Structure formats: structure tokens, C-alpha cells
Amino acid sequence: MDKPDSQQRGLAGEYYVAFILSRLGYDIGITIGRAKIFDMTALSPFGKVVNVQVKSTYHYYDWLVTHEFNSSPNSVVALVRLGKDATQKPELYFIPGAKANGLITHKYKTHSPRISRADVQKEFQDHDFGLIERLLVK
């Protein structure tokens, strides 16, 4: 089977993040369409809301970005690395929107801006839910 196209890859990443946040006990609202600021919102039992923007990559080491992320205090960027093997657990990093903007580079002058996996791994842990939990607690 071929690797997913960019739309399938994006949806797979969004659904993975929604699955994880649902498993943590949050209500998830997924937005539909291309002209949207956030891919989903997560609502805690206490009424707190986090807006999540998801960026997915297949097996590459960078996430391509087309614009800066929302940097409000309740805005989170979820970076998902799906991997080559469908049985492999994806990597998942939750980053504050403002911090994600600081990680955007133009490493390759003839390519789209990107966020480097190596830069993310210097500061963030795979499947660390601390940020989400801090934003969604009482």
C-alpha cells in the first residue's frame, strides 16, 4: 500500500490526537473544512477549553508549516509523526502555539518553512500530556 496523500496524512494525525485526548477524558470537537484556525477543541469536565492545531508528517524529520500558529495561552500545536509502518505507534508532541512559532525555520531556502523534529525533541517529550493537563485542569 502506498503512503497516504497529504490530506489523508493530515486527517490521520488529527484523528490520532482526537483519540488520545478522548482517552484522557476530554470532550473533543473536530472542525471540518480547510479554512479553519484550529483543527479541534478539547473541553475538560471543568469547562476549560484548549484549541489544538495539528501538523502531521509521514516519516520525515520535519513538519511543514504554511503559516504561524495562534499564540493565545489556550492554543496548542500537536505535532504527529505517523511513521512508515501502520502498526507503529505515532510520535506526538504538544507544544504551546507561541513556542511552536519560535521553532519555525527556513532551513532549506527553496522549500516551505518547517519545524525540525530534532529541535522539538530537545525541549519536548513524546506523548507528554503535561501541557494539556495544565491547561485543562480546574
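Keep in mind that the numbers below use all heavy atoms, side chains included, and drop hydrogens, waters and symmetry copies. All values reported here derive from a predicted model rather than from experimental measurement. All residue numbers in this chain count up from 1 along the given sequence.
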### Task
Would you kindly check if the NZ (Lys) or CZ (Arg) of R117 is within the cone defined by 45 degrees around the ring axis of Y60 and under 6.0 Å from the six-membered ring centre?
no

### Query
Using 30° and 60° as the class limits, which term best fits the ring planes of F19 and Y16: parallel, tilted or perpendicular?
tilted

### Query
Any side-chain heavy atom of K55 within less than 4.5 Å of one from T66?
yes

### Message
Minimum heavy-atom separation for H67 and I104, please, with both atom names.
### Response
O-CD1, 4.2 Å

### Query
Does L103 offer a backbone N or O that forms a donor-acceptor pair with the side chain of D119 under 3.5 Å?
no

### Nearest heavy-atom neighbours spanning V137 and K48
O-CE, 3.4 Å

### Message
Using side-chain heavy atoms (C-beta onward) and a distance below 4.5 Å, is L79 in contact with F124?
### Response
no

#### Entry: Close side-chain approach of L21 to F94, heavy-atom, < 4.5 Å
yes

### Query
Nearest heavy-atom pair of N101 and S71: which atoms, and what distance?
ND2-CB, 4.1 Å

### Summary
Residues A42 and I28: closest non-hydrogen pair is CB-CD1, 3.8 Å

### Query
Taking all non-hydrogen atoms of both residues, which atom of G97 and which atom of V77 are closest, and how far apart?
CA-CG2, 4.0 Å

### Task
Check whether any side-chain heavy atom of N74 sits under 4.5 Å from a side-chain heavy atom of N51, and report yes or no.
yes

### Message
I'd like to know if the side chain of Q53 and the backbone of N70 have a donor-acceptor N/O pair within less than 3.5 Å.
### Response
yes

### Validation row: D126, Y93 side chains within 4.5 angstrom (heavy atoms)
yes

### Message
Any non-hydrogen side-chain atom of E133 less than 4.5 Å from a side-chain atom of Y26?
### Response
yes

### Message
Quick check against the 3.5 Å criterion: does S112 have a side-chain atom that pairs as donor or acceptor with the backbone of L64?
### Response
no

### Task
Examine distances only and state if a side-chain atom of T41 and a backbone atom of V50 form a donor-acceptor pair shorter than 3.5 Å.
no

## Note on the structure
Heavy-atom closest pair (G10 atom, S56 atom, distance to 0.1 Å) is O-OG, 4.0 Å

### Query
Would a 4.5 Å heavy-atom cut-off, applied to side chains only, mark V17 and L92 as touching?
yes

### Message
Any heavy-atom pair between the side chains of R114 and Y61 that's under 4.5 Å?
### Response
no

### Query
If you count the non-hydrogen atoms of other residues, nucleotides and ligands that lie under 6.0 Å from OH in Y15, is the total more than 12?
no

